[in-house]
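Data block below; observations after.
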Amino acid sequence: ERALNLKKELLPARLWLIDYHLKRGSNSVAFDLARAAPGRQANAPEIVILTALCAPTAPLDHNQQAELRDALLQRPLMIQAYQNLGMFTLLRKYGAALREPLEAVAQKHPDLRPVQDLLTTILEAEGKQDQIVAQVQKKLAAHPNSSPDLLMLAKIQIKKRDFKAARANLEKALALEPGNPMLLAWMAGLELDASNLDAALARLDDLTKRYPMSSLGFAFKAIVYERRKQP
């Protein structure tokens, strides 16, 4: 705040503060900071995106939608960084315009995983889970040992509560990458969702044994112990 008071054009300070307030639910404060961006800085992709995230349910006119689309294409990593802070709402409403340019990139460079993940995020925000499953299954038909695609398919199956199919895909991914901490965490999450608390704890014991500095593993363990009424 002192840095921004000394120099209103200091974009990193403004972005940090907007992010800080957004993550604490102080959207009105974050919105005021975004709207106070001076001069051409107001058109910076980060400011355009964060301004929309401050009020994701507010309607955008045609020009604002175009600005948001262009900003997201310039800063695609922000889609994943803020997907739980209003981004899903924005993508549900305006994500269709992003699909065509991203799909063109994905077809030209099929190995660009971040682009594939962004397309999946947009489809998921729009509730098109069956389309995601069809696309991932098509990829797995061509590359059956793709651990990221197996994980993606398992994530969708967990949301659909198809635990048997999700467990099979996660087991296959773990056979390919036995020590992958993300896969171990998702397997534990599956067991937790399926109310198999002992199995979830066993997976997390494996995770924290392999990765004793894993804050995720220990935090997850705490959730399981809480579910088991062992505060």
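Atoms considered below: every heavy atom in the structure, side chains included; atoms not considered: hydrogens, waters and symmetry mates. Numbers here are sequence positions counted from 1.
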For a 4.5 angstrom cut-off between non-hydrogen side-chain atoms, does Leu176 reach Leu150? yes

How about Thr208 and Lys221: does a side-chain donor come under 3.5 Å of a side-chain acceptor? yes

Gap separating the CG atom of Leu174 from the CZ atom of Arg203, nearest 0.5 angstrom: 6.0 Å

Do Tyr20 and Phe31 sit in one hydrophobic cluster, given that two such residues count as connected whenever their side-chain heavy atoms are within less than 4.5 Å of each other, even indirectly? no

CG (Asn169) and CD1 (Ile156) are apart, to the nearest 0.5 Å, by 12.0 Å

Within 6.0 angstrom of Glu226 CD, more than 12 heavy atoms from elsewhere: no

Who are the ring pair (Phe, Tyr, Trp, His ring centres under 6.0 Å) partners of Tyr211, not counting sequence neighbours? none

Ignoring hydrogens and angles, tell me if any N or O in the side chain of Gln64 forms a donor-acceptor pair with the backbone of Asp61 under 3.5 Å. yes

Under 4.5 Å between side-chain heavy atoms, counting indirect links through other Ile/Leu/Val/Met/Phe/Trp/Tyr residues: same cluster for Leu216 and Leu197 or not? no

Separation between CG (Asn5) and CG (Leu10), nearest 0.5 Å, reads 11.0 Å

Looking at every non-hydrogen atom in both residues, tell me the closest pair between Ala194 and Arg167 and how far apart they are. CB-NH2, 4.4 Å

Any donor-acceptor pair under 3.5 Å linking the side chain of Asp206 with the backbone of Ala202? no

With side chain to side chain contact (heavy atoms under 4.5 Å, CB included) as the criterion, how do Gln230 and Val224 come out once you've worked through the C-alpha distance, each side chain's angles and the decisive distance to 0.1 Å? CA-CA 9 Å; Gln230 294 178 278; Val224 177; over 6 Å; no

Tightest non-hydrogen contact, residues Leu183 and Ala173, listed as CD1-O, 3.6 Å

Is any side-chain heavy atom of Leu207 less than 4.5 Å from a side-chain heavy atom of Pro181? yes

Before giving the answer on side chain to side chain contact (heavy atoms under 4.5 Å, CB included), spell out for Asn196 and Phe163 the whole-Å C-alpha distance, their side-chain angles and the decisive distance to 0.1 Å. CA-CA 11 Å; Asn196 300 326; Phe163 297 130; over 6 Å; no

Counting heavy atoms not belonging to Phe218, are there more than 12 under 6.0 Å from its CZ? yes

Euclidean distance, Leu153 CG relative to Lys172 NZ, rounded to 0.5 Å: 10.5 Å

Leu22 to Leu85 - nearest heavy-atom pair and separation: O-CD2, 4.0 Å

Using modelled atom types and a 3.5 Å cut-off, is there a donor and acceptor pairing between side-chain atoms of Gln65 and backbone atoms of Tyr94? no

Going by heavy atoms in the side chains, are Ile47 and Arg14 under 4.5 Å from each other? yes

Answer yes when Lys209 and Asp205 have at least one side-chain N-carboxylate O distance shorter than 4.0 Å, and no when they do not. no

Give, for atom NE2 of His21 and atom CG of Leu50, the distance between the pair rounded to the nearest 0.5 Å. 12.5 Å

Identified side chain to side chain contact (heavy atoms under 4.5 Å, CB included) counterpart of Ile18 within the set Asp32, Leu33, Val29: Leu33

Testing the 3.5 Å rule here: is there a donor-acceptor pair between the side chains of Gln157 and Asp162? no

Scanning both residues in full, the closest heavy-atom pair of Thr89 with Pro56 reads CG2-O, 3.6 Å

Atom pair CG/CE of Leu72 and Met87 - distance to nearest 0.5 Å: 5.0 Å

Taking all non-hydrogen atoms of both residues into account, name the closest pair between Asp19 and Tyr82 and its distance. OD1-OH, 2.5 Å

Non-hydrogen atoms of Leu90 and Ala52 that approach each other most closely: CD1-CB, 3.8 Å

Apply side chain to side chain contact (heavy atoms under 4.5 Å, CB included) to Leu170 and Glu191, showing your working. CA-CA 11 Å; Leu170 283 174; Glu191 302 295 2; over 6 Å; no

Would Asp198 and Arg228 count as a side chain to side chain contact (heavy atoms under 4.5 Å, CB included) if you check the C-alpha gap in whole Å, the side-chain angles of each, and the deciding distance to 0.1 Å? CA-CA 9 Å; Asp198 290 342; Arg228 290 177 61 172; 3.5 Å; yes

